[in-house]
Amino acid sequence: DKAKILSYIGSGSGTGKAFVGIGASVGVQDIDAGTTAKIENSSIAGTSESIYGDLEVSAQEESEIVSIVGTASGGLANMSGAFSVSANDVDTSTNAYIDSDENIKANAIKVATKNLANSTIGVGSVSVGKISVGMATAIALSDNVVNAYLKGDDNSDSEINGISANSIDVTADNIYNGDADYTNEDNTTAKTVAIGGGVGTGEFAGTGSVTVNIIDNETKAHIDKGNYSVDGDVNVKANSQAHMFGLAGGVSVGVKAVGIGAAVDTQLLNADTKAYVADEVTIQRAGNISVEAKSIENITSVATLAGISHYFAGAAAANAHDVNVNTEAYIGTDEAEDSKETTISNAGNVSIVADDSSVIKANAGSAAVTVSATGSGVGTLSAAVEVLDKNVKASVGKTNIIAQNLTAKAKNVGNVITTANGIAVAAALYGGGLSGSASESIIDYTTDAHIAGGADITVSDSISIDADSNFSHTGEAAA
């Protein structure tokens with residue numbers, strides 16, 4: 001399924017001396033899509049006892065919004081205002097599954113889902129008047145659920161009903177602002193941009209710009225309870241990516257008196273990525289078994305504003321991010337009841353990997369300048385605030401496993417760079433200036449790799465349990 005919205009909206013106003021001039025443009029775009037491919041309670045077999053074909057169930061959703069909104073207002077009026085807003089919402093649900101209580105026999109079984117969501121938003125406002133106000137707001141909301149799974153018969157007797165194949169692949173890709181083969185950040189990172197401008201030829205000029213991104217990604221790939229006989233490899237992979245860029249900027253010019261403005265970029269991300277083999281699963285004669293959950297977060301944020309005036313200039317710029325990430329890969333749960341433990345017998349290499357990588361770059365800059373030769377005041381405030389909460393877990397639950405090798409690895413990598421700068425300049429014989437900057441990061445990391453108590457593991461070669469956490473932070477505040 002594909003959905004694409006292209007929206008271009010603009011408005012302008014001009015006035016004479018006796019009137020108030022107001023210009024406004026509003027764009028609202030919404031995509032609500034659901035795509036499901038499924039096989040339920042069906043018996044599937046080949047043309048003979050020894051000839052079986054491939055079985056594939058796949059679902060793909062592609063959604064894109066391009067929204068450009070602009071407003072200009074000006075004239076000789078006592079007051080001029082320009083206001084632009086773009087509000088965008090993408091909600092998708094993409095599902096692919098095989099859920100059958102009957103016998104299924106195939107050569108290769110593939111269950112795959114993919115969601116690609118992209119948005120490009122540009123908002124601008126320019127206002128010129130004796131009293132001038134310009135405001136630009138860009139909002140992007142996205143809620144994407146991707147689920148791929150294979151489920152067999154609940155009956156414990158594998159001779160009655162089961163799933164037989166030479167290989168099994170269950171994959172789920174959930175990509176916000178990019179593609180599943182993400183290679184080039186410049187080409188695949190969408191932009192949310194708001195620029196405001198105000199020029200006051202009289203007493204006052206004010207500017208504001210706000211960008212908001214709120215993204216929720218839920219991604220699951222799993223094999224649920226049932227009896228599986230596999231001669232080859234089993235792969236269960238969940239992949240979640242979010243590539244986000246936000247820019248809030250502006251300039252406010254007060255020709256005679258006051259010029260003030262504020263720019264704020266806010267980004268909230270919740271990503272829940274899971275790949276697993278559930279309780280009550282029996283896998284016999286498998287080759288290699290790989291269960292992998294991978295999550296990538298790449299966020300760039302810029303907030304910048306300049307205020308210029310004759311007597312008083314003020315400018316404020318802020319970044320605020322809240323990123324919550326949960327990435328899990330597991331075979332069986334730690335709390336499985338004795339009668340519901342997962343059993344894997346005569347397997348090759350069993351690998352469980354949970355991998356998360358985060359890169360967050362935030363820059364807040366403000367500048368205020370006054371040009372009065374007698375007396376003036378200036379003030380700036382710049383702030384960058386990052387809240388990052390990450391949980392990465394790779395685990396072997398309460399299971400029975402016989403294999404050649406067993407590996408459980410959790411990798412948690414993060415790089416946060418924050419910069420907040422403010423400049424205040426008063427070109428006067430006397431006056432006052434105030435400039436403040438702050439950079440704050442709140443980080444909570446959990447990295448866990450383990451084998452649960454009560455697990456019964458037999459390997460012919462080796463067991464490797466590895467938890468790797470690597471985090472770097474650079475914060476700078478100058479005024």
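Because only heavy atoms are used, hydrogens play no part in the values below, and waters and symmetry mates are left out as well, while side chains stay in.
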Asks: Take Thr266 and Val210 through the test side-chain contact (heavy atoms from CB on, under 4.5 Å) and record every step on the way to the result.
Replies: CA-CA 8 Å; Thr266 302; Val210 177; 5.7 Å; no
Asks: Is any side-chain heavy atom of Val416 less than 4.5 Å from a side-chain heavy atom of His473?
Replies: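 A side-chain contact exists here, since the closest heavy-atom pair is under 4.5 Å.
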Asks: Measuring only between side-chain heavy atoms, which start at C-beta, is Ile463 closer than 4.5 Å to Ile457?
Replies: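 Result yes, sub-4.5 Å side-chain heavy-atom pair found.
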Asks: Are the side chain of Ser100 and the backbone of Glu102 linked by a donor-acceptor contact shorter than 3.5 Å?
Replies: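 Judged by distance alone, yes, a pair lies under 3.5 Å.
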Asks: Taking side chain as C-beta onward, heavy atoms only, is Asp143 less than 4.5 Å from Leu141?
Replies: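 No, every pair of side-chain atoms sits at 4.5 Å or beyond.
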Asks: Under 3.5 Å, side chain of Thr342 to main-chain N/O of Ala278, donor-acceptor pair present?
Replies: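 The answer is yes, because a donor-acceptor pair under 3.5 Å joins these two groups.
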Asks: Donor-acceptor check, side chain of Thr71 to backbone of Ala82, threshold 3.5 angstrom: yes or no?
Replies: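 No.
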Asks: So, Asn103 side chain and Gly162 main chain: donor-acceptor pair closer than 3.5 Å or not?
Replies: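 Looks like yes, one N/O pair under 3.5 Å.
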Asks: Does Asn288 reach the main-chain N or O of Asn349 with its side chain, forming a donor-acceptor pair under 3.5 Å?
Replies: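 Confirmed, Asn288 side chain pairs with Asn349 backbone.
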Asks: Decide yes or no for Ile104 and Leu55: does some side-chain heavy atom of the first lie under 4.5 Å from some side-chain heavy atom of the second?
Replies: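 SC-SC contact between Ile104 and Leu55 confirmed.
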Asks: Measure the spacing between NZ of Lys105 and OG of Ser229 and express it to the nearest 0.5 Å.
Replies: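 Nearest 0.5 Å value for the NZ-OG distance: 9.5 Å.
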Asks: Nearest 0.5 angstrom please: Asn412 CG to Asp468 CG, how far?
Replies: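 If we round to the nearest 0.5 Å, Asn412:CG and Asp468:CG are 9.0 Å apart.
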Asks: Between atom CG of Asn174 and atom NZ of Lys114, what is the distance when rounded to the nearest 0.5 Å?
Replies: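 Going from the CG atom of Asn174 to the NZ atom of Lys114 covers 12.0 Å.
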Asks: Applying side-chain contact (heavy atoms from CB on, under 4.5 Å), run through His450 and Lys393 and close with a yes or a no.
Replies: CA-CA 8 Å; His450 71 264; Lys393 183 174 73 172; 4.1 Å; yes
Asks: Shortest non-hydrogen contact from Ala394 to Ile352?
Replies: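 The answer is CB-O, 3.9 Å.
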Asks: Does any part of the side chain of Lys361, heavy atoms only, come nearer than 4.5 Å to the side chain of Thr418, both counted from C-beta?
Replies: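 They are not in contact (no side-chain heavy atoms under 4.5 Å apart), so the answer is no.
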Asks: Tyr176 pairs by side chain to side chain contact (heavy atoms under 4.5 Å, CB included) with which of Asn118, Asn115, Ile215?
Replies: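 For Tyr176, the side chain to side chain contact (heavy atoms under 4.5 Å, CB included) check succeeds only for Ile215.
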Asks: NZ/Lys411 to OG1/Thr447 distance, rounded to the nearest 0.5 angstrom?
Replies: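 Lys411 atom NZ to Thr447 atom OG1 measures 11.5 Å (nearest 0.5 Å).
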Asks: Does any N or O in the side chain of Ser25 come within less than 3.5 Å of the main-chain N or O of Ser84, such that one atom is a donor and the other an acceptor?
Replies: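 No.
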Asks: Does the side chain of Val170 reach to within under 4.5 Å of the side chain of Ile223, using non-hydrogen atoms?
Replies: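 Yes; the side chains approach each other to less than 4.5 Å.
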Asks: Please tell me if the side chains of Thr113 and Asn147 come closer than 4.5 Å, counting only heavy atoms from C-beta onward.
Replies: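 A side-chain contact is absent here, since even the closest heavy-atom pair is not under 4.5 Å.
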Asks: Applying side-chain contact (heavy atoms from CB on, under 4.5 Å) to Ile31 and Asp89, what does each step give before you reach the verdict?
Replies: CA-CA 6 Å; Ile31 294 176; Asp89 187 12; over 6 Å; no
Asks: Without hydrogens or angle criteria, can the side chains of Asp356 and Ser295 be said to hold a donor-acceptor pair below 3.5 Å?
Replies: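 Looking only at side-chain atoms, Ser295 and Asp356 do form a donor-acceptor pair, the distance falling under 3.5 Å.
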Asks: Would you check, one step at a time, whether the test salt bridge (charged side-chain N to carboxylate O under 4.0 Å, His left out) holds for Asp279 with Lys225?
Replies: CA-CA 6 Å; Asp279 293 332; Lys225 55 187 178 180; over 6 Å; no
Asks: Which atom names give the shortest non-hydrogen contact between Asp224 and Tyr228, and what distance separates them?
Replies: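 What the structure gives for the nearest pair is O-OH, 2.7 Å.
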Asks: What's the spacing between Leu388 CG and Glu297 CD if we round to 0.5 Å?
Replies: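 The distance works out to 8.0 Å.
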Asks: Show your reasoning for whether side-chain hydrogen bond (donor to acceptor under 3.5 Å, both in side chains) applies to Lys390 and Ser358.
Replies: CA-CA 9 Å; Lys390 295 176 57 176; Ser358 302; 3.1 Å; yes
Asks: Are any side-chain N or O atoms of Asn324 and backbone N or O atoms of Ala271, one a donor and one an acceptor, separated by less than 3.5 Å?
Replies: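 No; judged by distance alone, with no hydrogens or angles, the pair does not exist.
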Asks: So, does Thr219 use its side chain to make a donor-acceptor pair with the main chain of Val146 at under 3.5 Å?
Replies: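 No, because the side chain of Thr219 does not come within donor-acceptor range (under 3.5 Å) of the backbone of Val146.
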Asks: Which atoms form the tightest heavy-atom contact between Glu386 and Ala362, and what is the distance?
Replies: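 Heavy atoms of Glu386 and Ala362 come nearest at OE2-CB, 3.1 Å.
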Asks: Show the nearest heavy-atom pair for residues Asn239 and Thr273, with the distance to one decimal.
Replies: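 Closest pair (atom of Asn239, atom of Thr273, distance): N-CG2, 4.4 Å.
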Asks: Where do Ser301 and His321 land on the side-chain contact (heavy atoms from CB on, under 4.5 Å) test, with the steps shown first?
Replies: CA-CA 9 Å; Ser301 171; His321 298 153; 3.0 Å; yes
Asks: At their closest point, which heavy atom of Gln60 faces which heavy atom of Thr35, and how far apart are they?
Replies: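 Nearest heavy atoms, Gln60 then Thr35: O-CG2, 4.0 Å.
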Asks: Please check: side-chain N/O of Asn144 versus main-chain N/O of Asn217, any donor-acceptor pairing under 3.5 Å?
Replies: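 Not at all, since once roles are kept as given, no pair shorter than 3.5 Å links the two residues.
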Asks: Should Thr92 and Val145 count as side-chain neighbours, where that means a heavy-atom distance under 4.5 Å?
Replies: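 They are not in contact (no side-chain heavy atoms under 4.5 Å apart), so the answer is no.
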Asks: To the nearest 0.5 Å, what is the distance between CG on Asn95 and CD on Glu61?
Replies: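 Rounded to the nearest 0.5 Å, the CG-CD separation comes out at 10.5 Å.
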Asks: Does Asp54 use its side chain to pair, donor to acceptor, with the backbone of Ala108 at less than 3.5 Å?
Replies: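 Yes, because the side chain of Asp54 sits within donor-acceptor range (under 3.5 Å) of the backbone of Ala108.
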Asks: Between Val123 and Ser86, what is the shortest heavy-atom contact and its length?
Replies: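 Closest approach of Val123 to Ser86, heavy atoms only: CG2-CB, 3.5 Å.
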Asks: Checking Ser67 against Gln29: is there a side-chain donor and acceptor pair closer than 3.5 Å?
Replies: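 Short answer, yes.
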Asks: Can a side-chain donor-acceptor contact be found between Ser167 and Asp233 if the only test is distance below 3.5 angstrom?
Replies: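 Asp233 vs Ser167: no donor-acceptor pair found between side chains.
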Asks: Who passes side-chain hydrogen bond (donor to acceptor under 3.5 Å, both in side chains) against Glu64, sequence neighbours left out?
Replies: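 Residues passing side-chain hydrogen bond (donor to acceptor under 3.5 Å, both in side chains) with Glu64: none at all.
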